[in-house]
Amino acid sequence: MIQSFCGGRASRILPLIALLGLASQPAAPAQTAPSSAAVRPPRLDYQMATLSNGLKVVTLEDHRAPVVTLQVWYHVGSADEANGKAGFAHMFEHLMFKGSAHVAPEEHARLVEQIGGDYNANTYFDRTLFFETVPSYALERVLWLEADRMASLKVDAQNLQSERDVVKEEHRMDVENRAFGTLFENVQAMVFPKGHPYAHTTIGIMGDLDRASLEDVRAFHAEYYRPDNATLVLVGDFRSAEALAAIRKYYGSIPRSATPFTRYPVVPVTQTARNFAIFKDRLAPLPAVGMAYRMPPAADRDSPVFDVIAQILSVGQSSRLYRSVVRDKQLAVEASGETLGLKRDGLFFFFAIANQGRKPEELEAALEEQVNLLRTTPVTPEELAKAKNQALTGKVFGSLSTEEKADQLGEADLLYGTPEEANQELARLGAVTAADIQRVAQRYFAPELSNVFYVMPDRSAPAGAAAAGALPAKESK
């Protein structure tokens, strides 16, 4: 699910301790401890409808403030790009602001900004998301804006060249000219084999974008940006019946796709031995060492277990990795990790940036020690409670605004096929046990399933060299 990070004060954490049944102080005789239902956040009491053209609609009334958030989740991302077309979904994130039948280029942004609204878009592996948050009186304006570009986006040679250049510049700034900027691209290519839907990053491959023809780009848009490949999520100050009537008015006549959507299958991986690679980075100030493992898809029953493992192993300065390799052994100056629960597969990885003068091999051994500890020794009740509290706090306080609630509902629908998962997530996190953590670590973090990588500074490497992929492995174990 979408991760949100909030600082947690004691007053916020105590209800979560009660939720988990971990409060250490007994209740006074005349009082009754609150039930878990009493401390859970309110249910997201959403409503669902599907238009005749296949558009799925999720609405949630929230009258605490006179604002509404509209999100349109197109179920197309980098995983839906054919070989040679990496970056098409990302490019359409930009092209969608270049005008439609009744909206001039960049006018979408102006019409939202002039009423004090907020808007943006982003692309990920399995979806492209467009959203606006505006005063509630402007609901019909943003419904019309999103419907107009769904029905009649302008895709011409001038817009294509303009936004292709924007995406290429974004790649130069965020990937090629940033220390460790190519790390994630390389880890993906290492863990997911060629042909896997997740083998390339969302931002795209610059050579593919250079070769993209107008006909290719139009064909991609015609296939995927359809109402039956989208979910509209609306959260805020409105009446559901009135909002649904407006949605039918603006979206109901947009035709659905005439053919099935192309979905690329997950390439089977039968890893039987540790993988090892060295990546060269001309901007890296120090070496870095990391490990990556494949995870099951987000809908798998073990997904909440990975969330808790991440808190224990690699999230924040209280994590095992930080305490071990940064604070205690002083092998590294930084340690962190990330969990990607995606629709068709998943990725769990972590890395540490070596301290001056420390050898990568030392750091690798220390990281491996922490992985082995997860596999061989159950976590303590105290550590488990703390990790679950941290994960639950982030979920609770990362879903308070209309935009955050819409995020929760939209992503649950995308990854699980139903928004209801947004209401089940806290219970699933709270149910994770020490035995679950050890079982999952033994299954997914076995030595023969590890992908170990070093990032080595290389001042002689040309700009963007690492983006081409990993250098040949120096060894396999």
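Between the OG atom in S314 and the CE atom in M291 there is a gap of 12.5 Å [rounded to 0.5 Å]. The CZ atom of F350 lies 6.0 Å from the CG atom of L321; values are rounded to the nearest 0.5 Å. Atom CZ in F131 sits 14.5 Å away from atom CG in L234 (nearest 0.5 Å). With values rounded to the nearest 0.5 angstrom, T128 atom OG1 is found 8.5 Å from D80 atom CG. Between the CG atom of D45 and the OG atom of S240 there is a distance of 9.0 Å, given to the nearest 0.5 Å. Taken from NE2 in H63 to OG in S136, the straight-line distance is 9.5 Å, to the nearest 0.5 Å.
Side-chain contact between V455 and L183 is present, with at least one heavy-atom pair separated by less than 4.5 Å. At a threshold of 4.5 Å between non-hydrogen side-chain atoms, the residues R320 and V379 count as touching. Taking 4.5 Å as the limit, some side-chain heavy atom of Q114 sits within range of a side-chain heavy atom of L111. You'll find the side chain of F92 stays beyond 4.5 Å of the side chain of Y224, heavy atoms only. Looking at heavy atoms from C-beta onward, K56 lies out of side-chain contact with W73 at the 4.5 angstrom threshold. Between L342 and D126 there is a side-chain heavy-atom pair separated by less than 4.5 Å. Two residues are said to be in side-chain contact when any heavy atoms from C-beta on lie closer than 4.5 Å; E223 and S257 fail this criterion. Proximity of D307 to V305: side-chain heavy atoms (C-beta onward) are nowhere separated by under 4.5 Å.
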Next on the checklist: Working note: T393 + F397, criterion side chain to side chain contact (heavy atoms under 4.5 Å, CB included); need CA distance, chi angles, decisive distance, verdict.
Outcome noted: CA-CA 6 Å; T393 299; F397 295 103; 3.6 Å; yes

Next on the checklist: What verdict does the side chain to side chain contact (heavy atoms under 4.5 Å, CB included) test give for D302 and R439, after you've listed the backbone C-alpha separation in whole Å, the side-chain angles of each residue and the deciding distance to 0.1 Å?
Outcome noted: CA-CA 10 Å; D302 283 331; R439 171 181 57 80; 2.9 Å; yes

Next on the checklist: The test is ring-ring contact (aromatic ring centres under 6.0 Å, His included); show your working for F349 and F184 and say whether it passes.
Outcome noted: CA-CA 10 Å; F349 81 101; F184 188 63; 5.8 Å; yes

Checklist entry - Could you go step by step and tell me if V166 and K168 meet the side chain to side chain contact (heavy atoms under 4.5 Å, CB included) rule? => result CA-CA 5 Å; V166 169; K168 290 168 66 176; over 6 Å; no

Item to check | Worked verdict on D62 versus K405 for side chain to side chain contact (heavy atoms under 4.5 Å, CB included) | outcome: CA-CA 10 Å; D62 183 346; K405 289 176 181 177; 2.9 Å; yes

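Taking the charged nitrogens against the carboxylate oxygens, R127 and E411 have no contact shorter than 4.0 Å, which rules out a salt bridge. A salt bridge links E107 with R110: the distance from a Lys NZ or Arg NE/NH1/NH2 to an Asp or Glu carboxylate oxygen falls below 4.0 Å. Taking 4.0 Å as the cut-off between side-chain N and carboxylate O, R323 and E383 count as a salt-bridged pair.
Partner of M150 under the side chain to side chain contact (heavy atoms under 4.5 Å, CB included) criterion, out of F130, Y225, Y74: Y74 alone.
Summarising the geometry of A412 relative to E421, their closest heavy-atom pair is CB-CB, 3.9 Å, with the distance given to 0.1 Å. In plain terms, the two heavy atoms of V68 and P135 that are nearest each other are CG2-O, 4.2 Å. Residues Y444 and Y293 come closest through the heavy atom pair O-CD2, 3.3 Å. Across G252 and N53, no two heavy atoms sit closer than the pair O-ND2, 3.7 Å. Of all heavy-atom pairs between H94 and V167, the closest is CD2-CG2, 3.7 Å. Scanning both residues, E81 and H90, for their nearest heavy atoms gives OE2-N, 4.2 Å.
For H171 and E169, the side-chain atoms include no donor-acceptor pair closer than 3.5 Å. Side-chain contact check for E420 and Y46: at least one donor-acceptor pair (N or O, by modelled atom type) lies under 3.5 Å. A donor atom on one side chain and an acceptor atom on the other are not found under 3.5 Å apart for Q47 and T59. Checking T123 against T202 by side-chain atom types alone, no donor-acceptor pair falls below 3.5 Å. Side-chain atoms of R164 and N159 include no donor-acceptor pair closer than 3.5 Å. The closest side-chain donor-acceptor pair between H75 and N229, if any, does not fall under 3.5 angstrom. Using modelled atom types and a 3.5 Å distance limit, the side chains of Y416 and Q424 yield no donor-acceptor pair. A donor-acceptor contact under 3.5 angstrom links the side chains of H108 and E132, judged on distance only. Side-chain contact, E404 with Q408: no donor N or O sits under 3.5 Å from an acceptor N or O. At a cut-off of 3.5 Å, with distance as the only test, no side-chain donor of S303 or D300 sits close to an acceptor on the other residue. Side-chain contact check for T231 and D413: at least one donor-acceptor pair (N or O, by modelled atom type) lies under 3.5 Å.
More than 12 heavy-atom neighbours from other residues, nucleotides or ligands sit within 6.0 angstrom of CZ on R218. Counting non-hydrogen atoms of neighbouring residues, nucleotides and ligands closer than 6.0 angstrom, the CE atom of M48 exceeds 12 such neighbours. The number of heavy atoms from other shown groups lying within 6.0 Å of CG (D174) is above 12.
In terms of modelled atom types and a separation under 3.5 Å, the side chain of S152 and the main chain of A101 share a donor-acceptor contact. No donor-acceptor distance shorter than 3.5 angstrom exists from the side chain of N275 to the backbone of A277, with no hydrogens or angles considered. Side chain of N186 to main chain of T182: a donor-acceptor pair is present (N/O by atom type, distance under 3.5 Å, no hydrogens or angles).
Between Y198 and F192, the two ring planes are perpendicular [angle over 60°; tilted spans 30° to 60°]. The aromatic rings of F88 and F220 lie perpendicular to each other, with more than 60° between the two planes, well past the 30° mark.
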